[in-house]
2 protein chains.
Amino acid sequence: MIQSASAQPVFRALADPTRREIISMLAAGARPVGDITAAFDITRPAIAKHLRILEQGGLITVEVKGRERINRLNPQALKTASDWLNYFEEFWDERLAKLKQVVEDKK
Amino acid sequence: MIQSASAQPVFRALADPTRREIISMLAAGARPVGDITAAFDITRPAIAKHLRILEQGGLITVEVKGRERINRLNPQALKTASDWLNYFEEFWDERLAKLKQVVEDKK
DNA sequence: TTGACATAATACCAAAAGGTTTCCTATAAA
DNA sequence: TTTATAGGAAACCTTTTGGTATTATGTCAA
């Protein structure tokens, strides 16, 4: 299969539940670091580390605005992971699997 | 959003590149531990650990057959991760985003 | 029944991950 | 022009991760 070269930082970013929650949060709108920190029980430096990993995976972009850093979801990066998984769609989708079977039987 | 309770072991399993390669390999057919080990540059115990993590994530099932352990892909588990990601589809799919815009404008 | 084979189990190690506290810097506001 | 606010940076700690080597176990085959 075509193994996307940039899949690793994306899957790495998605591996942590806190980071996935941050993604869900940012889907509702861009937020500064402080807002995000307020929604969790961990310290700001911990959130900052998660944000950096999300940024490395291309999942968020950061816009510096005065003394704030606005974190914005970049959903295109999620597509990288989705594409990888969807390659296996034929294996889990029964309809597709049966169609495949019919096609192969006709050969 | 509906946060699937079982998403964590799946995303955890997907986080490692070796494990994703194993998944790709098993998509072509079930394989015993030795076969999988032969395809990588790491030792059998290392592969065995990866397989256990894949099993914990529900991504593979294991069938003991004599002295062999046949590892079989369980693609349904991949769907768990895919579903999570597809929740955000509207954010990355321009067509959908525009449709959403039209619907919201009509309100 | 005696090897050879497929794999598990255990003990161990180094590095990475996830967190904390403390201190520093830049911007906004009084 | 102080002072409060938003956030970064560094140092440190503990647990998890990904790997190793070694030893043990059950099964097939000569």
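Numbered from 1 within each chain, the chains take letters A, B, ... in sequence-line order. If you're wondering where the values come from, they're calculated on a predicted model, not measured in any experiment. Heavy atoms only: backbone and side chains are in, while hydrogens, waters and symmetry mates are out.
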ask   = Do B/Lys79 and A/Glu89 come close enough that some side-chain heavy atom pair is under 4.5 Å?
value = no
query = When the distance from CG of A/Asn71 to P of D/dA6 is rounded to whole Å, what number comes out?
reply = 14 Å
message = Any non-hydrogen side-chain atom of B/Trp84 less than 4.5 Å from a side-chain atom of A/Ser24?
response = yes
ask   = Among the clusters formed by ILVMFWY side chains lying less than 4.5 Å apart, do A/Phe88 and A/Val10 turn up in the same one?
value = yes
remark   = Taken to the nearest whole Å, CD1/A/Ile47 to C1'/C/dG19 is 11 Å
task = Check the distance between D/dA6's C1' and A/Arg31's CZ and give it to me in whole angstrom.
result = 16 Å
Interatomic distance, A/Glu68 CD vs D/dG7 P [rounded to whole Å] = 5 Å
ask   = Hey, is the main chain of A/Arg12 close enough, under 3.5 Å, to the side chain of A/Arg19 for a donor-acceptor pair?
value = yes
Minimal non-hydrogen separation, A/Leu85 against B/Ala81, with atom names = CD1-CB, 3.6 Å
message = If I take atom CD in residue A/Glu21 and atom P in nucleotide C/dG18, what distance separates them, rounded to the nearest angstrom?
response = 14 Å
query = So do the side chains of B/Ile36 and B/Ile47 get within less than 4.5 Å of each other, counting heavy atoms only?
reply = yes
Salt-bridge contact B/Glu63-B/Arg69 (side-chain N to carboxylate O under 4.0 Å) = no
So which protein nitrogen or oxygen atoms get under 3.5 Å of nucleotides 24-30 of chain C's nitrogens or oxygens?
| from | atom 1 | to | atom 2 | distance (Å) |
| --- | --- | --- | --- | --- |
| C/dT27 | O2 | A/Arg67 | NH1 | 3.3 |

task = Would you give a per-nucleotide map of nucleotides 16-22 of chain D, 5' to 3', where B means the base has a protein non-hydrogen atom under 4.0 Å away, S means only the sugar-phosphate does, and - means neither?
result = -SBBBB-
remark   = Heavy-atom nearest pair, A/Leu59 first then A/Leu73, reads O-CD1, 3.4 Å
